Amino acid sequence: MSVAVKKSPHFNDRKPFKRPRPSFSQNVDDERKRKIFVKANGPLPNGFHKSPVDGHLSTKARKSLTLKENGASSSVLSSSGASSKQFSLQEQRSKLPIAKGKDALIREFQAHDVTVLLGETGSGKTTQVPQYLLESGLARDGMIAVTQPRKVAATSLATRVAAEQNVTLGTSVGYSVRFDERFSSETRIKYMTDGMIVRELMSDPLLSKYSIIIVDEAHERSLRTDLLIANLKTIQRQRNGSQHVKGKGKDRADASNPLKIIIMSATLDAEKFGRFFSGAKILYVQGRQHPVKIYHSSQGQLDYVDAAMRTFFQIHTDYPLGDVLIFLPGQEDIESLEKTIQIYANQLPQDRMSVLICPMFAAQAAGQNSKVFLPASANTRKCILATNIAETSITIPGVKYVIDTGKCKEKRFLARNTGGGFDTLLTRDITQSSAMQRAGRAGREGAGHCFRLYTEDAFKAMPLSAEPEIMRCSLSSSLLQLKCIGQDLETLDLMDQPAEESMKSSLIVLFLLGALNREKEITSVGRQMAAFPLEPIYGRAIIASKEYGCTQEVLDIVSILSASSKLFVESSEQRDAVSEARKKFRNVCGDHLTILNVVRSYQEIAQSEGKSSRKEWCRRHFLNERALLEASDIRDQLRQTCQRLGIDHGVSCGDKDDPVIYSLGYGLAMNIALLQPDGTYKQTIGQSTVKIHPGSSLCDKKMPAIIYDELVYTNQIYARGVSRIPKSFIVTLGALKQS
DNA sequence: GAGCACTGC
């Protein structure tokens, strides 16, 4: 396996790059001095074990549990006719760290209404606990919901657990995510996204179908997880409250339907969940991970891209075969590092392992991203340059070495008192839990190494975990949803309360959109907006499209805008070809109608051509077909909502542009900027000077007035998704606002 | 002339 390499690489000193960069030196001693790592002596940082530890369960600073060994097979499984494959699944189950604590766990779940279960990766808690609960009968006749922040997690976990239960997916074990669900009346364990169950709150405020709700990955503190947890606390009080009051309890319809809550989280921040649910039992399960040796840089690295490059070649020359995963904040750094590594790799001696570079980031075309999953040819080391996409969303096999720059990009909403605000997208230091997660990526298949391009002191200075999303995103969508079920952000018992400015700004936004009245009560327009699974601004645009007779067009545009994949794929290599291909769809009005042109052209192709020529057409025009396919799912869903609300989704304005712009204008009424004499644009609400984003079709165009989808601050404040709008219409909108 | 982490309904 291991390949002998010479001690010192003979790289020449040519500096083909703009960035000032210390190069590898040419003699051995110098090179050793330049190594930027010290071996980790003493205790490893939190969360890493030098050797795998067998699972056990313990309570911290509470009475300890007596552990009972559990038999190899468990009684819940329908064992009749179990195949050998099934048998080996059971064997695997019983070997999971959590299996030893099974009986103790069940006892604790039985005794407590709320349990906080802390477990490291590989403990098996997410797949096993729901099955333990089911077999113990604790769920009674109700369902067990297991919530996940991500769709893929929900579906793949359900598939796994159905296999372990030896049932067909969708029978007793199922899942429910947007656009995809598999469950039936007999479903007892349902994996679902947290967004899905928050939506369910609107039709069933007590979530009465579920007798146990397990909130997984709670430490991620996603917006929807936080909203769910807050609601669960009140729901539990309502459903269980009367239990303890004898006599009176019988009057309540739901007294017979108590709710158990299990919060699952990584180890950090445990106490906080415990405090929030006073009286919650906190349990710990140890995980099973291969050991990862962590090295910290002996001094801070100002130029982390350069440091990553040097570290990569240090690994490449000194360490045996195994792929390297480098975490970088964004596309720009990835592309720059890709070039540098490639140039040096080309100069490697013939007898050395060769290097295969795989860049990976969300905006990249899907085909390029999937390259990382293919095994590299013999004697080749894969070097994966990735954003945070590889931290939680995607697991790459074969990674043995991780290089962590300690940086990531973070989107943060800056609320304004005037209503709305803008997003910032800036590079910042990661958190300790993120650093541990990144390091863990080296220990998926065997022992690994993680090289941190920051000092141990810098690690200790990092915040433990990320600030909850609710503290740093726009709240208008959540506020509207809460208003629908008679709740308010201000009165809801949240784990962390968002800043007052942020709540105020979202109130103003919803008021200006006509979703709330002056008394902060939800209006009928507001209810309609909330029915759409969209940002309120786009819900408003659809409602306005009814008046302008262009619902079909607005649905087409809004579906693309709310798809998660980008419509236009990035390819830095063929920038000219891309802009040439894009010209074909360009509409003078701007980006929204350009999108509409793309959708219409694609629909034409889709009607007459087969799957493969559709694909080819997209490739030729540098379009991301995934975005178009996803948008078509979203459009179907929006059409259903329209139908429910009595909006005719088939109404079209044909080739007219103005009705579409006007409808969008209703939603984007706060997102208007006017051209200044000096050629810049200035917001009509708020004081900021904004620039049209270079990716926009209106970039460098001078329009008297524009509407935009969003503002993003990077180096300047950029308006993205821009269309021109007649000044006279702004007056109309303004007049409407006052009425 | 200049750029965009990741989710979710």
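Letters A, B, ... are given to chains in the order of the sequence lines, protein chains preceding strands, and every chain is numbered from 1. These figures come from a predicted structure and were not determined experimentally. The figures that follow rest on heavy atoms only: side chains count, while hydrogens, waters and symmetry mates do not.
Ranking B/dT7, B/dA2, B/dA5 by closeness to the A/K691 side chain, first place goes to B/dA2. Which of B/dC9, B/dG1, B/dA5 sits closest to the side chain of A/R199 comes down to B/dC9. Of the candidate nucleotides B/dG3, B/dC4, B/dC9, B/dC4 has the atom lying nearest to any side-chain atom of A/T714.
One can place CD1 of A/I717 at 16 Å from C1' of B/dG3, the figure rounded to the nearest angstrom. Atom pair A/Q716:CD and B/dA2:P shows a separation of 7 Å (rounding to whole Å applied). As rounded to whole Å, 16 Å separates atom C1' of B/dG1 from atom CG of A/L698. A/M202 places its CE atom 19 Å from the P atom of B/dG8, with the value rounded to the nearest Å. Rounded to a whole Å, the CG atom of A/N388 is 10 Å from the P atom of B/dA5. Across the protein-nucleic acid pair, A/Y304 atom OH and B/dA5 atom C1' stand 12 Å apart, rounded to whole Å. Atom CG of A/D333 is separated from atom P of B/dC4 by 11 Å (rounded to the nearest Å).
Across all strands, A/R178 comes closer than 4.0 Å to base atoms (heavy-atom distances). When heavy atoms are screened at a 4.0 angstrom cut-off, A/S222 is found touching no nucleic acid atom at all. Residue-level contact check: A/G330 touches the backbone only, with heavy atoms under 4.0 Å from sugar-phosphate atoms and none from bases. Residue contacts shown for A/I389 are limited to sugar-phosphate atoms, with no base heavy atom under 4.0 Å away. As judged by a 4.0 angstrom heavy-atom cut-off over every strand, A/S562 is placed among residues making no nucleic acid contact. A/V712 comes within 4.0 angstrom of nothing in the nucleic acid, heavy atoms only. Across all strands shown, A/I634 has no heavy atoms under 4.0 Å from either base or sugar-phosphate atoms.
Annotation: the span from A/Q437 atom CD to A/D404 atom CG amounts to 11.5 Å, rounded to 0.5 Å. Remark: A/F532 CZ to A/S562 OG distance equals 11.5 Å, nearest 0.5 Å. For the atom pair CD1 of A/I522 and CG of A/L510, the computed distance is 8.5 Å after rounding to the nearest 0.5 Å.
For A/Y718, a side-chain nitrogen or oxygen approaches OP1 or OP2 of B/dG3 to under 4.0 Å. For B/dA2, the OP1/OP2 oxygens have no side-chain nitrogen or oxygen of A/N715 closer than 4.0 Å. Within the structure, a side-chain polar atom (N or O) of A/T387 is placed less than 4.0 Å from OP1 or OP2 of B/dC6.
The base of B/dC9 is not paired with the side chain of A/R224 by any donor and acceptor separated by under 3.5 Å.
Side-chain contact check for A/D180 and A/T155: no donor-acceptor pair (N or O, by modelled atom type) lies under 3.5 Å.
The shortest side-chain heavy-atom distance between A/E217 and A/H219 falls under the 4.5 Å cut-off.
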